[in-house]
Structures are given as structure tokens and as C-alpha cells.
Amino acid sequence: MESGVEFVAADMPMANRLTVHVLAAVAEHEREMISQRTTAALAAAKVRGVKLGNPNGARALRGLGNAHAIVGAKAKADAHMTRVVPVIETIRGEGATSLRGIAEELNRQGILTARGGRWYATTVKNLLDRAAR
């Protein structure tokens with residue numbers, strides 16, 4: 001608005017400068033109200049004895065606590081990948097050519113993803129892309 005460039009809001013094509021200015025003011029007011037409500041809620045939780053913040057404290061900020069978790073998660077995903085890729089190759093050998101078909105067969109066989117979820121075409125693609133690296 002300050003640059004003087006005219007623009008059209010896709011969801012409100014009939015809005016003029018005044019309308020946009022009023023809506024911006026309302027949005028700014030709401031942002032301030034959200035901030036005040038959040039601050040009040042955190043203060044009330046603290047009074048009730050709720051522990052706020054990361055339980056790992058400064059260790060999490062240094063990344064030391066997360067480094068081991070990341071390495072562990074990568075190792076777990078790699079191990080899972082080495083177990084599942086041969087199964088996918090067998091499924092392909094039996095005629096399933098689409099990612100969706102492979103995902104459906106993995107789900108039918110009760111094989112879970114590394115995180116314990118269902119397979120989808122994108123999950124299969126991501127695993128195969130990872131295996132190709």
C-alpha cells in the first residue's frame with residue numbers, strides 16, 4: 001500500500017484502498033489480541049505449575065540432544081529400506097508396475113512404513129528414490 005501500487009485481492013476483487021486498509025487494521029488488532037491471550041495463557045499455566053519450554057533446555061539448542069536422534073532415525077530408516085526394497089522387487093516381479101499397486105500390495109501384506117504407517121504411492125516413491133542414492 002505504501003508503494004502506491006494498485007493491486008487486486010483475488011478473494012475480494014471489489015475491495016478498494018479503504019477496504020484493504022480497514023482489513024489490515026483489523027488483522028493487526030487481532031494479531032495483538034492473540035499475543036495478549038497467549039501471554040495470559042502461559043502466565044496462568046505457569047501459576048498452575050505447568051513446566052514450560054523444552055525439557056532438554058540448552059542441550060537442545062546446541063543440537064547435541066537431537067544429533068543422536070537424527071543419526072538413530074536415519075539408521076532405522078536405512079535398515080527398514082534394506083528390508084523393504086527386496087519385497088518391492090518381488091512385488092514388481094509379480095506384475096505390479098505402478099507405485100499405487102506396490103503400495104496396495106505392501107499394505108495387503110501388512111508391511112508398515114519405517115514410522116509404522118500405511119504405504120501410499122508417494123511413500124513408495126520416496127523409499128525407492130532414497131534407495132537409488
Side-chain angles (χ1 to χ4, degrees):
M1 286 176 54
E2 292 172 3
S3 68
V5 174
E6 292 294 325
F7 63 94
V8 176
D11 57 345
M12 291 183 67
M14 302 305 289
N16 58 27
R17 282 179 164 255
L18 175 63
T19 307
V20 172
H21 189 71
V22 168
L23 291 174
V26 170
E28 183 178 351
H29 175 72
E30 180 58 22
R31 181 190 56 79
E32 291 171 7
M33 296 304 297
I34 289 170
S35 176
Q36 290 174 7
R37 289 191 301 266
T38 301
T39 302
L42 289 172
K46 193 171 183 179
V47 168
R48 290 192 314 268
V50 174
K51 283 202 148 226
L52 303 174
N54 189 328
N56 294 324
R59 193 174 101 202
L61 293 175
R62 289 190 308 268
L64 299 176
N66 295 333
H68 298 295
I70 291 169
V71 171
K74 182 181 182 322
K76 180 181 174 187
D78 288 343
H80 186 71
M81 177 183 63
T82 59
R83 289 189 303 268
V84 175
V85 168
V87 176
I88 291 174
E89 290 171 358
T90 301
I91 293 170
R92 280 181 167 164
E94 294 171 351
T97 56
S98 71
L99 295 173
R100 180 178 289 171
I102 294 168
E104 288 172 358
E105 182 59 24
L106 289 168
N107 290 326
R108 190 189 68 71
Q109 290 183 23
I111 299 170
L112 299 175
T113 65
R115 293 183 178 176
R118 294 182 45 81
W119 289 92
Y120 299 92
T122 54
T123 325
V124 173
K125 181 185 181 317
N126 291 341
L127 182 123
L128 293 175
D129 287 349
R130 181 185 182 108
R133 286 188 236 148

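Counting only residues at least two apart or in different chains, salt bridge (Lys or Arg N to Asp or Glu O under 4.0 Å) contacts with residues 38-50 are absent.
Under a 3.5 Å cut-off, the side chain of His80 and the backbone N or O of Arg115 do not form any donor-acceptor pair. Panel note: side chain Ser35, backbone Arg31; no donor-acceptor pair is recorded below 3.5 Å.
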Return all side-chain donor-acceptor pairs below 3.5 angstrom for residues 85-104, not counting sequence neighbours, or 'none' if the list is empty.
| unit_1 | atom_1 | unit_2 | atom_2 | d |
| --- | --- | --- | --- | --- |
| Thr90 | OG1 | Pro86 | O | 3.0 |
| Ser98 | OG | Gly101 | N | 2.9 |

Which donor-acceptor pairs under 3.5 Å do side chains of residues 124-133 form with protein atoms, sequence neighbours excluded?
| unit_1 | atom_1 | unit_2 | atom_2 | d |
| --- | --- | --- | --- | --- |
| Lys125 | NZ | Asp129 | OD2 | 2.7 |
| Asn126 | ND2 | Thr122 | O | 3.3 |
| Arg130 | NE | Asp78 | OD1 | 3.1 |
| Arg130 | NH2 | Asp78 | OD1 | 2.7 |

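Other residues, nucleotides and ligands place no more than 12 heavy atoms under 6.0 Å from the CE atom of Met14.
Taking Asn16 as the reference, Leu18, Thr19 meet the side-chain contact (heavy atoms from CB on, under 4.5 Å) condition, with sequence neighbours excluded. Not counting sequence neighbours, the partners of Glu30 by the side-chain hydrogen bond (donor to acceptor under 3.5 Å, both in side chains) test are Arg37. Residues satisfying the side-chain contact (heavy atoms from CB on, under 4.5 Å) test with Arg108, not counting sequence neighbours, are Glu105.
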